[in-house]
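Worksheet: the structure to be examined is printed underneath.
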Amino acid sequence: MAEINWDTLGFDAYRTRTVVKSHFKDGKWSPAEATEEFSFTYDPFAQVFHYAISCFEGMKAFTQKDGTVVIFRPEQNAARMKRTADYLGIPAPDEDMFISMCEECIRGNLEFLPPYGHKASLYLRPLLVGMHPQMQLTPYPEAVFAVMCAPAGAYYGDHLRSFAAVIPGDFDRAAPKGSGSYKIGANYASTFRPYKYAHDAGYAELLYLDSATRSTIDEFGSSNFFGIKGNTYVTPLSDSVLPSITNLSLRQVAEDLGMKVERRPVPLEELGEFDEVAACGTAVVITPISHIDIKPQLAGSEVSRSWRFSPDGKVGPVCTKLYERITGIQFGELEDTHNWCHKVSL
């Protein structure tokens with residue numbers, strides 16, 4: 001294995017040693033198999049190729065200060081995958097199977113688990129795909145569940161640094177009553193083109209509005225939205241928003257710090273009232289936003305409106321406090337009063 005510089009890790013696919021997988025067929029899951037074969041073979045008519053029948057989760061394992069290895073809130077990821085699988089009409093592993101296969105993946109890739117002290121983690125990617133060969137648009141009870149992993153550092157290459165975001169006038173993320181609140185692969189496919197335009201224009205993130213009225217905030221392209229107004233943590237309540245486990249945890253952390261928490265519709269016009277704005281999710285943890293622009297069309301149009309929260313790269317005091325509290329729990333530096341960290345037996 002090549003020597004890994006734990007301090008310069010970004011967030012990307014990284015070839016590790018072991019993948020753990022199981023096949024649901026004829027009403028039951030096969031025994032979990034740990035393999036070093038990094039390829040799957042499916043029939044060309046498999047559902048996943050034609051109808052995007054797939055979903056995934058994102059979660060992290062940490063080496064804590066005392067050497068303990070933990071997964072952060074895996075039962076929440078298991079429940080979210082089950083909810084998405086029910087939406088797609090495919091079987092899902094139960095909580096015990098989900099967590100045990102994640103643990104097996106960690107044990108099979110220990111050399112890729114970052115040691116304590118580098119702000120890095122082992123990112124786990126549980127994947128569930130419908131692989132029955134068919135042409136009919138009907139659910140079929142067959143699937144493969146697999147868990148893979150990669151060592152990961154900061155999503156954007158810097159821990160807790162602010163970035164610019166843009167509201168694209170010519171793209172929507174999710175339709176009303178659509179699949180936006182489910183973690184299916186197809187939801188992310190539609191962000192590739194607008195992300196290309198945004199990155200070319202110097203923006204790190206996309207902020208989507210509700211597609212029905214374009215008057216309220218939904219979420220960022222890769223993660224949930226929250227804003228800080230005085231001593232209040234505000235995050236959107238929307239049927240199109242993915243239920244983020246990081247956001248759920250941050251709301252509790254905010255309450256623990258004596259803040260008021262509001263989960264409600266957030267009008268676009270309210271952007272000007274926030275002291276700090278950030279994206280939050282498993283991969284990014286917290287990405288503070290320096291400013292948000294509106295572009296009627298992402299490709300080549302001028303900025304029609306702008307909100308600024310901090311100088312580029314700078315981070316507000318509340319985002320800093322929230323980040324330090326949640327990562328302190330994950331790395332075992334602060335007491336885990338809510339029992340969020342699941343210990344892995346090595």
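In this text the structure is predicted, and so the values were computed from the model without any measurement.
- Checked by atom type, the side-chain pair N187/S179 shows a donor-acceptor distance below 3.5 Å.
- For the pair V70/D336, no side-chain contact is recorded, criterion being any heavy-atom separation below 4.5 Å from C-beta on.
- Each of T282, T84, N77 was scored for a side-chain hydrogen bond (donor to acceptor under 3.5 Å, both in side chains) with E57, with one residue passing: N77.
- Without hydrogens or angle criteria, Y182 side chain to A85 main chain gives no donor-acceptor distance under 3.5 Å.
- Side-chain atoms of H50 come within 3.5 Å of backbone atoms of P44 as a donor-acceptor pair (strictly under, hydrogens ignored).
- Using modelled atom types and a 3.5 Å distance limit, the side chains of R251 and T235 yield no donor-acceptor pair.
- Under a 4.0 Å N-O distance rule, the pair R214/D172 qualifies as a salt bridge.
- Ionic pairing of E269 and R305 is present here: one or more N-O contacts between side-chain nitrogen and carboxylate oxygen are shorter than 4.0 angstrom.
- Between E270 and R264 there is a salt bridge, since at least one side-chain N of the basic residue sits less than 4.0 Å from a carboxylate O of the acidic one.
- Counting only distance, with no hydrogens or angles, the side chain of T16 and the backbone of A150 share no donor-acceptor pair below 3.5 Å.
- No donor-acceptor pair under 3.5 Å is formed between the side chain of S290 and the backbone N or O of P311.
- Judged by distance alone, the side chain of T63 and the main-chain N or O of Y116 form no donor-acceptor pair under 3.5 Å.
- Under the side-chain contact (heavy atoms from CB on, under 4.5 Å) criterion, D66 pairs with Q64, T68, not counting sequence neighbours.
- Distance alone, capped at 3.5 Å, places no donor-acceptor pair between the S54 side chain and the V48 backbone.
- The closest side-chain donor-acceptor pair between E276 and S310, if any, does not fall under 3.5 angstrom.
- Of the possible donor and acceptor atoms, none in the side chain of Y197 sits under 3.5 Å from a partner among the backbone N and O of Q297.
- Listed by chain and number, the residues in a side-chain contact (heavy atoms from CB on, under 4.5 Å) with P194 are F171, L206, Y208, L298 (sequence neighbours excluded).
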Would T246 and V284 count as a side-chain contact (heavy atoms from CB on, under 4.5 Å) if you check the C-alpha gap in whole Å, the side-chain angles of each, and the deciding distance to 0.1 Å?
CA-CA 9 Å; T246 303; V284 302; over 6 Å; no

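- At distances below 3.5 Å, not a single donor-acceptor pair connects side-chain atoms of N247 with backbone N or O atoms of N224.
- For the residue pair R107/T18, the side-chain donor-acceptor check at 3.5 Å is not satisfied.
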